[in-house]
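Notes follow the structure.
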Amino acid sequence: MKLSTLAGSHIVATGSAVPDIKISNEILSRIVDTSDTWISTRTGIKERRLLPKHKSIIDLAADAANEALDNALLSPSDIDLIILATSSQNDLFGSASQLQAAIKAKNAMGFDITAACSGFLIGLITASQFIQTGSYKNILIVGADILSRWVDWSDRSTCILFGDGAGAAIIQNTQKNDILGFHLNTNGAEAKQLSISYQYSPEATSSSYRQQSPPSGRYNYLRMNGKEVYKFAVSNVPKSIKKSLNELQISTDDISWLLLHQANQRILEAVADKLSIPTEKVVSNIAQYGNTSAASIPIALNECFEKGKICNGDIIVIAGFGAGLTWGTLVVQWNAIESN
Ligand code: UT7
């Protein structure tokens, strides 16, 4: 979708936060039947971070948000809207309001987006709509997940993949526009391939007299059909990127950075290969953090800014994919302009 610009959305600053505790492949191989060799060669992951029990997702999200605010030279009261993308929230009714209180953004309205690994991308696109219509001036988008609390630590096919983290971006209404276009998709028929589903207890579903009693149950651990999700990502993400670039009449040669959700190094390479994008343009930090779900894209984006990799005029193609199943692309051309 090519955007007709009413007001420009500019990425003013980013931030990120990860817990200090590192879990190496070696440590994991003492918990489940796995090895550093298997994890490294099949996923590219070397270690991931784990949030200690006494900390909450709001602590992580607030650290990332405060770093973005500092980098933007903005005060919390300048923020008009907070979008928290998370699938491991503190409260099923939403956690953005807790984040609003934690960072003292007293003028901001806040809401959650629950879309797992695509969450931050959807949040950024949603925020840009509010900017472009002129509704808000400064929007904070945070992607945060602590899936370590939702994986089954005896299931080697999933517990080796995920890590905890948070990343944030602030977008602002400015004259120049960084957000060129996007594409978003959902295939709900394949939702079963990756889920944390709610299961009723047997009593609640039996046909006994208890049928009349209120149903109860609990959430299952995260379940994923890795092979199917892998095939879905490698097949759909390049198509989504090509479609977005074609509409904008941008060639893959013009791309400065390909920033994909960090799910598997093999997926990053396969997508880049299909698009003939050289590996040096592919952003990757999966070795250090594993798959941090909604946090993976903003953590990687923040790292690019911190390292000075992104320069004025660079075209960054950002693509997310995951549970839902959902996937999408956002094309950014970053303008190194002063915030107003
Ligand atoms: O963020 C949301 C998006 N998520 C993704 O994009 C994840 C996409 N999927 C993947 O990245 C990969 O499918 C995985 C990394 C999850 C798995 O890699 P794979 O190459 O597809 O392995 P597999 O599931 O086909 O398993 C191959 C073998 C099996 O053994 P057999 O049946 O061949 O004897 C598994 O039991 O590897 C075994 N295996 C392991 N062995 C050692 C599975 N997990 C492990 C493990 N350590 N941790």
Side-chain angles (χ1 to χ4, degrees), residues 23-48 85-88 113-122 143-148 150-165 167 185-188 190-197 221-238 240-241 259-274 282 284-287 289-300 318-329:
I23 307 288
S24 66
N25 292 347
E26 156 62 21
I27 292 174
L28 276 179
S29 65
R30 286 183 241 147
I31 301 171
V32 285
D33 182 14
T34 190
S35 64
D36 174 46
T37 309
W38 193 96
I39 301 172
S40 302
T41 52
R42 299 279 182 138
T43 71
I45 301 168
K46 296 300 277 183
E47 60 187 25
R48 67 290 290 146
T86 182
S87 295
S88 41
I113 286 185
T114 309
C117 308
S118 305
F120 180 81
L121 188 82
I122 297 171
D145 265 315
I146 46 170
L147 290 181
S148 67
W150 291 90
V151 291
D152 176 354
W153 283 94
S154 65
D155 174 10
R156 68 177 182 175
S157 70
T158 53
C159 75
I160 56 126
L161 298 170
F162 297 97
D164 302 337
N185 297 85
T186 294
N187 180 5
E190 294 299 322
K192 60 183 181 296
Q193 306 297 358
L194 174 50
S195 67
I196 301 178
S197 57
Y221 289 122
L222 181 154
R223 290 279 172 248
M224 177 171 73
N225 181 339
K227 266 202 182 320
E228 286 306 315
V229 178
Y230 187 100
K231 283 191 272 178
F232 140 76
V234 170
S235 148
N236 288 295
V237 173
S240 165
I241 292 174
L259 200 169
L260 303 178
H261 164 51
Q262 309 283 298
N264 186 325
Q265 184 62 30
R266 285 157 55 216
I267 296 179
L268 305 189
E269 286 165 12
V271 171
D273 194 48
K274 281 195 169 184
V282 181
S284 174
N285 64 10
I286 189 160
Y289 305 119
N291 180 344
T292 55
S293 188
S296 101
I297 289 173
I299 290 175
I318 304 175
F321 54 89
L325 298 175
T326 56
W327 68 103
T329 302

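Ligands are counted one by one from 1 in listed order, and the atoms in each one are counted from 1 as well. By convention here, the first residue in the shown sequence is residue 1.
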Legend entry - side-chain hydrogen bond (donor to acceptor under 3.5 Å, both in side chains) partners for Ser157, two or more places apart: Asp155

Inset, instruction - Quick one, list the residues around ligand 1 where some non-hydrogen atom comes in under 4.0 Å, by chain and residue number. - result: Asp33, Thr34, Trp38, Arg42, Thr43, Cys117, Arg156, Ser157, Ile160, Leu161, Leu194, Met224, Gly226, Lys227, Val229, Tyr230, His261, Ala263, Asn264, Arg266, Ile267, Asn291, Phe321

Legend entry - Salt bridge flag under 4.0 Å for residues Glu228 and Lys231: yes

Legend entry - Partner residues of Phe321 under the ring pair (Phe, Tyr, Trp, His ring centres under 6.0 Å) criterion, sequence neighbours left out: His261

Legend entry - For Asn264, side-chain hydrogen bond (donor to acceptor under 3.5 Å, both in side chains) partners two or more places apart: none

Inset, instruction - Test Asp145 against every option in Ser296, Ser293, Ser87 by the side-chain hydrogen bond (donor to acceptor under 3.5 Å, both in side chains) rule and name the one that passes. - result: Ser293

Inset, instruction - Run the salt-bridge test on Asp36 and Lys46 with the 4.0 Å N-O cut-off and return the result as yes or no. - result: yes

